[in-house]
K.L.:
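This structure is in structure tokens; I'll ask about it shortly.
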Number of protein chains: 2
Amino acid sequence: MPPDAQISRIKPGRRTDIRRENERLILDAAERVFAEAGFGGATMQLIADMAGLPKANLHYYFATKEDLYRRVVSQIFEIWLDAAASFDNAPDPATGIGAYIDAKMDISRRHPHGSKVWASEVMHGAPVIQDYLETTLRDWTNGRIAVIQTWIDEGRMAPIDPRHLLYMLWASTQHYADFGHQIETLNNGQPLSDRQWAEAKASLKAMILRGIGAI
Amino acid sequence: MPPDAQISRIKPGRRTDIRRENERLILDAAERVFAEAGFGGATMQLIADMAGLPKANLHYYFATKEDLYRRVVSQIFEIWLDAAASFDNAPDPATGIGAYIDAKMDISRRHPHGSKVWASEVMHGAPVIQDYLETTLRDWTNGRIAVIQTWIDEGRMAPIDPRHLLYMLWASTQHYADFGHQIETLNNGQPLSDRQWAEAKASLKAMILRGIGAI
DNA sequence: ATTTTCGTTGACCGGTTGGTCAGGTTGTGG
DNA sequence: CCACAACCTGACCAACCGGTCAACGAAAAT
């Protein structure tokens, strides 16, 4: 035991800090570059430049381009799954689905790059996250379908197909991230303001919740 | 004038046929490869192999990779604009928007690759079709917004924001093409059957038309 | 029959990419 | 103070990419 154990707490490893900080720097840069150029169009050199590190340093922390990409995609998947909490423990569909729309719209606004990387990955046939789709996502989906079906059986909402409701929720919320450039262009080249984001959320909730007979 | 003008009608140019056929072959292969690999990940060699032609032959018909890509994207844009006809001359929102959903879902099913190429292009900041967004698409959008606003003013539907309704229509219909792989995975690895496509269209129309108070 | 145009293609090239590596620096534990 | 481990990086390389080109065959025009 060291004479002063506090040291290892006060300075929990400067080496570890460096590693964590650089990995964060690289992952943030990679997320942006992968989103803007796609996996094939992204180059390690560009990611390195954006992270402010030499290219060789990237390969010190991430063995291959594919490893780095896999980490970026997994990171987004985690954020997505966290939004599931909004869905649970809701007393009624309006509250649960409304909160889910809010959460997904917040993710679209705060992690637009991540959403695009996910979309690209799926569009290209999910070569690196196919197992996630077949396990975690499938389980999550079936769980929510069961919840929605319960609401329908209890007469709390219209008898729509829960599966297609989920697809519509995913599509309409992620659209604000994935097609953000198109939306911005149609908004006179300006990004949506705070007020416009709030209006988007309100419009979506109004249409969807009324559409499923939850309000 | 040739002695027998019929020849030029009976054989309207074998050369022209060859050109048209090869361009079609290349464009179809390119659409698929660009959709599956993205612009950066696609290679002229792969497109050539899929078209069954030598790579040098591609460059005889299309000067550069970017020219070929531009042609593919434009092609999709045309198909999209044609679906606009479903929207027009409709007596009421349920008919017009319902027909538009049907048309867009049919495109998602028959041109999934094209939809993905478009999505990729927009996600990457629309580097080659920005002018289309700022002219044709913006005009089209404003025109439909005016139509929807008229319906609202006439009390034929709920007073929702027409812009966000359009975004929801685009997002929810294109989702079945762009995220087709994810949907297929969640459908036990099977593509949607005729019946399932019909159910998807019916579910979408039910939710959206009820959501905007059109039924 | 001959010239010309169009279509075809293998071989080639400069530039770029992902990845490697040897040799260096910095911080840490003993 | 020393030895070891973690971190850093310029220089380099084999592989691959988009694109070029000269040579050739086939059809069409003259």
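So that the names make sense, note that chain A is the first sequence line, chain B the second, and so on, each numbered from 1. Because the structure is a prediction, the values reported are computed rather than measured. All values below come from the heavy atoms of this structure, side chains included, with hydrogens, waters and symmetry mates left out.
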K.L.:
Just wondering, more than 12 heavy atoms not from Tyr132(A) lying within 6.0 Å of its OH?
P.N.:
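No - once you tally the heavy atoms of other residues, nucleotides and ligands closer than 6.0 Å, there are 12 at most.
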K.L.:
Sequence neighbours excluded, which residues qualify as ring pair (Phe, Tyr, Trp, His ring centres under 6.0 Å) partners of Phe34(B)?
P.N.:
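Result, ring pair (Phe, Tyr, Trp, His ring centres under 6.0 Å) vs Phe34(B): Phe39(B), Tyr69(B).
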K.L.:
Would you please classify the geometry between the Tyr176(A) ring and the Trp197(A) ring as parallel, tilted or perpendicular, with 30° and 60° separating the classes?
P.N.:
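The arrangement is tilted - the two ring planes meet at 30° to 60°.
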K.L.:
Can you pull every protein N or O that's under 3.5 Å from an N or O on nucleotides 6-12 of chain C?
P.N.:
unit_1: dG7(C); atom_1: OP1; unit_2: Arg15(B); atom_2: O; d: 3.4
unit_1: dG7(C); atom_1: OP2; unit_2: Arg19(B); atom_2: NH2; d: 3.1
unit_1: dG7(C); atom_1: OP2; unit_2: Tyr60(B); atom_2: OH; d: 2.6
unit_1: dT8(C); atom_1: OP1; unit_2: Asn22(B); atom_2: ND2; d: 3.4
unit_1: dT8(C); atom_1: OP2; unit_2: Asn22(B); atom_2: ND2; d: 3.2
unit_1: dT8(C); atom_1: OP2; unit_2: Asn57(B); atom_2: OD1; d: 3.4
unit_1: dT8(C); atom_1: OP2; unit_2: Tyr61(B); atom_2: OH; d: 2.8
unit_1: dT9(C); atom_1: OP2; unit_2: Asn57(B); atom_2: ND2; d: 3.4

K.L.:
For His59(A) and dA11(D), give me the distance from atom NE2 to atom C1', rounded to whole Å.
P.N.:
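After rounding, the gap between these two atoms is 15 Å.
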K.L.:
Looking at every strand, decide which applies to Ala48(A) at a 4.0 Å heavy-atom threshold: base, sugar-phosphate, or nothing.
P.N.:
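Nothing, no heavy atom under 4.0 Å.
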K.L.:
Arg20(A) has an atom CZ; how far is it from atom P of dA6(D), in whole Å?
P.N.:
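Rounded to whole Å, this separation is 16 Å.
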K.L.:
Distance check needed: dT9(D) P versus Asp49(A) CG, whole Å only.
P.N.:
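These atoms are roughly 13 Å apart.
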K.L.:
Where is the tightest heavy-atom contact between Ala200(B) and His164(A), given as atom of each residue plus distance?
P.N.:
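That would be CB-CE1, 3.4 Å.
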K.L.:
Please verify the inter-ring angle class for Tyr100(A) with Phe87(A); under 30° counts as parallel, over 60° as perpendicular, anything in between as tilted.
P.N.:
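Rings of Tyr100(A) and Phe87(A): perpendicular, as their planes differ by over 60°.
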K.L.:
Between Asp17(A) and Arg20(A), does any NZ, NE, NH1 or NH2 come within less than 4.0 Å of an OD or OE carboxylate oxygen?
P.N.:
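The answer is yes: the pair qualifies as a salt bridge.
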K.L.:
Quick test of your reading of the model: are Lys55(B) and Asp49(B) salt-bridged, counting only N-O distances below 4.0 Å?
P.N.:
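A salt bridge is absent here (no side-chain N lies under 4.0 Å from a carboxylate O).
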K.L.:
Within a reach of under 6.0 Å around CZ of Arg32(B), are more than 12 heavy atoms found that belong to other residues, nucleotides or ligands?
P.N.:
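Atom CZ in Arg32(B) is not packed in, count stays at 12 or less.
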K.L.:
Between Ile47(A) (CD1) and dT17(C) (C1'), how many Å, whole number?
P.N.:
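Rounding to the nearest Å, CD1 of Ile47(A) and C1' of dT17(C) are 12 Å apart.
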K.L.:
In whole Å, I'd like the distance from the CD atom of Glu66(A) to the P atom of dT17(C).
P.N.:
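Going from Glu66(A) (CD) to dT17(C) (P), I get 18 Å.
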K.L.:
Using atom CZ of Phe62(B) as one end and atom P of dG18(D) as the other, report the distance to the nearest whole Å.
P.N.:
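Atom-to-atom, Phe62(B) to dG18(D), this comes out as 15 Å.
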K.L.:
Whole-Å distance between dC7(D) C1' and Ile26(A) CD1?
P.N.:
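Distance check: Ile26(A) CD1 to dC7(D) C1' gives 12 Å.
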K.L.:
Whole angstrom is fine here: how far is it from OH in Tyr69(B) over to C1' in dC17(D)?
P.N.:
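Taking OH of Tyr69(B) and C1' of dC17(D), I get 18 Å after rounding.
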K.L.:
Is there side-chain contact between Gln130(A) and His181(B), with at least one heavy-atom pair below 4.5 Å?
P.N.:
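Yes, side chains in contact.
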K.L.:
Angle, rounded to 10°, between the helical axes spanning five pairs at each terminus of the helix from dA1(C)-dT30(D) to dG30(C)-dC1(D)?
P.N.:
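Here the helix ends are tilted 10° relative to one another.
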